Protein chains: 2
Amino acid sequence: MRKRKNSEKYHRIIKAATKVFAKKGFYPAKISEIAKEAQVADGTIYIYFESKDDILISLFEEQMKTVLENMVAQISKLKDPAEKLEKFALTHLQLIEQNKDIAEIIQVELRQSSKFMKEYKNEQFIQYLDLIGDIVKEGQKKGVFKKDIMPGVAKRAFFGALDEMSRFWVLSSRKRYDIETAAKQISGYFLKGITA
Amino acid sequence: MRKRKNSEKYHRIIKAATKVFAKKGFYPAKISEIAKEAQVADGTIYIYFESKDDILISLFEEQMKTVLENMVAQISKLKDPAEKLEKFALTHLQLIEQNKDIAEIIQVELRQSSKFMKEYKNEQFIQYLDLIGDIVKEGQKKGVFKKDIMPGVAKRAFFGALDEMSRFWVLSSRKRYDIETAAKQISGYFLKGITA
DNA sequence: TTTATATGAATGAACAATCATTCATATAAA
DNA sequence: TTTATATGAATGATTGTTCATTCATATAAA
């Protein structure tokens, strides 16, 4: 019987796997390397996890739970939907900035995951996207956003814009724009458009 | 000495690899499966390609070249920068629609590639992004786009928005919105904003 | 207290399967 | 014949997973 969530070692392995997956990607990452990083024996990993896949799934759920809680805390304080979107952008980019390992995993492995784990629906990620969709709907109800905006398209477009910006940061070691500027630019496009 | 580009078999292998990589991802894809799909022997692949990595790189260059040429042909006809952005969005989404295999590879493997092929800079992809950046700059020069828009941020945000929408389509077999509507929505956000 | 016994977490060497790549050989072309 | 192209079985390195064993700690008996 696996102890899982409560064990200190469980979290040490998650943390190590996050680092190793982020650096090399899922397939090239070796169990032995994760074990070494976590300072446990190879076999110990199989006391806490069923398989290599299971590590990745568990890792998603742990990390996304944190990200989601963080974001909800930030935006629920605000009233104005436009301010909420701005805050969402800033918080998202700050998260990437503060934890590049998580960023790489969300960006690269999240996309992979749908391939090799067909049955695995990333519930947390859907919730994360829906935060944006809900802000849009709220804005429409309050009359501050256009009625003909489709929340299902808008949420993906907004997330995609932030995500692509993040990817650029993660890949290029040096960042060309500061977080606040980028967040303001991106939320600005959505709120006001680029037309003069 | 490899014959490469001119040979009919070369293209058959590229086409087969596109299909197999799209379905399973790069690492889980087997050379033997690509060979079978292309109806050649395993060893034949090594007459035309140096390695599995080389297949992926060649595939990128072939496919992106086509995508790029296509896009340039579409937008160079137009004068108005706003119309160009709209056309870009539509053309991009149509491309995805028409060729999901290429879409999956661009989306998933392109991201992976920067990990396992550190030295490989995807020049074509950079050019593709720059098409957007150039439209933005042109619009600013003509005075139709705001001066304080940062083209380097805007191009990524715009591409990211389209790309995320594409990903959703590729993953969910059934599409909820038609191409024209989605393209209009997304370019609409950027041009006019969502604020009422 | 001291000794004996039980538990199960942790270990890491060994296993078994996978798969990219090679190469001896065959076939077709020049 | 000589050269180029194609084949697919064989190779050998890699690596996820297993499992017999160890060991620290807990519990019970003397």
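Chain A is the first sequence line, chain B the second, and so forth, proteins listed ahead of strands; every chain is numbered from 1. Nothing here was measured: the structure is a model prediction, and the numbers come from that model.
The six-membered or imidazole ring of A:F49 lies near that of A:Y10, with a centre-to-centre distance under 6.0 Å.
Taking every heavy atom of both residues into account, A:M64 and A:Y128 meet most closely at CE-CB, 4.1 Å. The minimum heavy-atom distance linking A:S187 with A:E86 is given by the pair OG-CG, 3.3 Å.
Atom CD in B:Q39 sits about 14 Å away from atom P in D:dA6, given to the nearest Å. Between the CG atom of A:D54 and the C1' atom of D:dT18 there is a distance of 17 Å, rounded to whole Å. Atom P of nucleotide D:dG8 and atom NZ of B:K36 are separated by 13 Å, given to the nearest angstrom. We find that OH of B:Y10 is positioned 15 Å from P of D:dA6, with the value rounded to whole Å. Protein atom OH of A:Y48 is 13 Å distant from nucleotide atom C1' of C:dT11, rounded to whole Å. At whole-Å resolution of the value, CD1 in A:I45 and P in C:dA9 are 16 Å apart. Distance CZ (A:F49) to C1' (C:dA10): 15 Å, rounded to an integer number of Å. Going from atom CD1 of B:I13 over to atom C1' of D:dA6 covers 11 Å, rounded to whole Å.
Ionic pairing of A:E104 and A:K23 is not present here: no N-O contact between side-chain nitrogen and carboxylate oxygen is shorter than 4.0 angstrom. We find that A:E164 and A:R167 are joined by a salt bridge, their nearest charged nitrogen and carboxylate oxygen being less than 4.0 Å apart.
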Protein proximity profile, nucleotides 15-25 of chain C - base contact B, sugar-phosphate-only contact S, no contact -, cut-off 4.0 Å on heavy atoms: ----SSBB---

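Residues in residues 89-98 of chain A take part in these salt bridge (charged side-chain N to carboxylate O under 4.0 Å, His left out) pairs, two or more places apart or across chains: A:E97-A:K175.
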Pairwise N/O distances under 3.5 Å, protein to nucleotides 28-30 of chain C:
none

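In this structure, a donor-acceptor pair under 3.5 Å is present between the side chains of B:D178 and B:T181.
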Would you list the atom pairs, donor with acceptor, under 3.5 Å between side chains in residues 135-153 of chain A and any protein atom, with sequence neighbours excluded?
unit_1 : atom_1 : unit_2 : atom_2 : d
A:E138 : OE1    : A:K84  : NZ     : 3.1
A:E138 : OE2    : A:K142 : NZ     : 3.2
A:Q140 : NE2    : A:K146 : O      : 2.8
A:Q140 : NE2    : A:K147 : O      : 3.2
A:Q140 : NE2    : A:I149 : O      : 2.8
A:K142 : NZ     : A:K79  : O      : 3.3
A:K146 : NZ     : B:G193 : O      : 2.7
A:K147 : NZ     : A:Q140 : O      : 2.5

Under the 3.5 Å Watson-Crick or G-U criterion, the dot-bracket string of DNA chain D, with | for inter-strand pairs: ||||||||||||||||||||||||||||||

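Shown here are the salt bridge (Lys or Arg N to Asp or Glu O under 4.0 Å) partners of B:E37, two or more places apart in sequence or in another chain: B:K19.
Because its NZ or CZ atom is not both nearer than 6.0 Å to the ring centre of B:Y48 and within 45° of the ring axis, B:K9 does not count as a cation-pi partner of that residue.
Within 6.0 Å of CD in A:Q39 there are 12 or fewer heavy atoms belonging to other residues, nucleotides or ligands.
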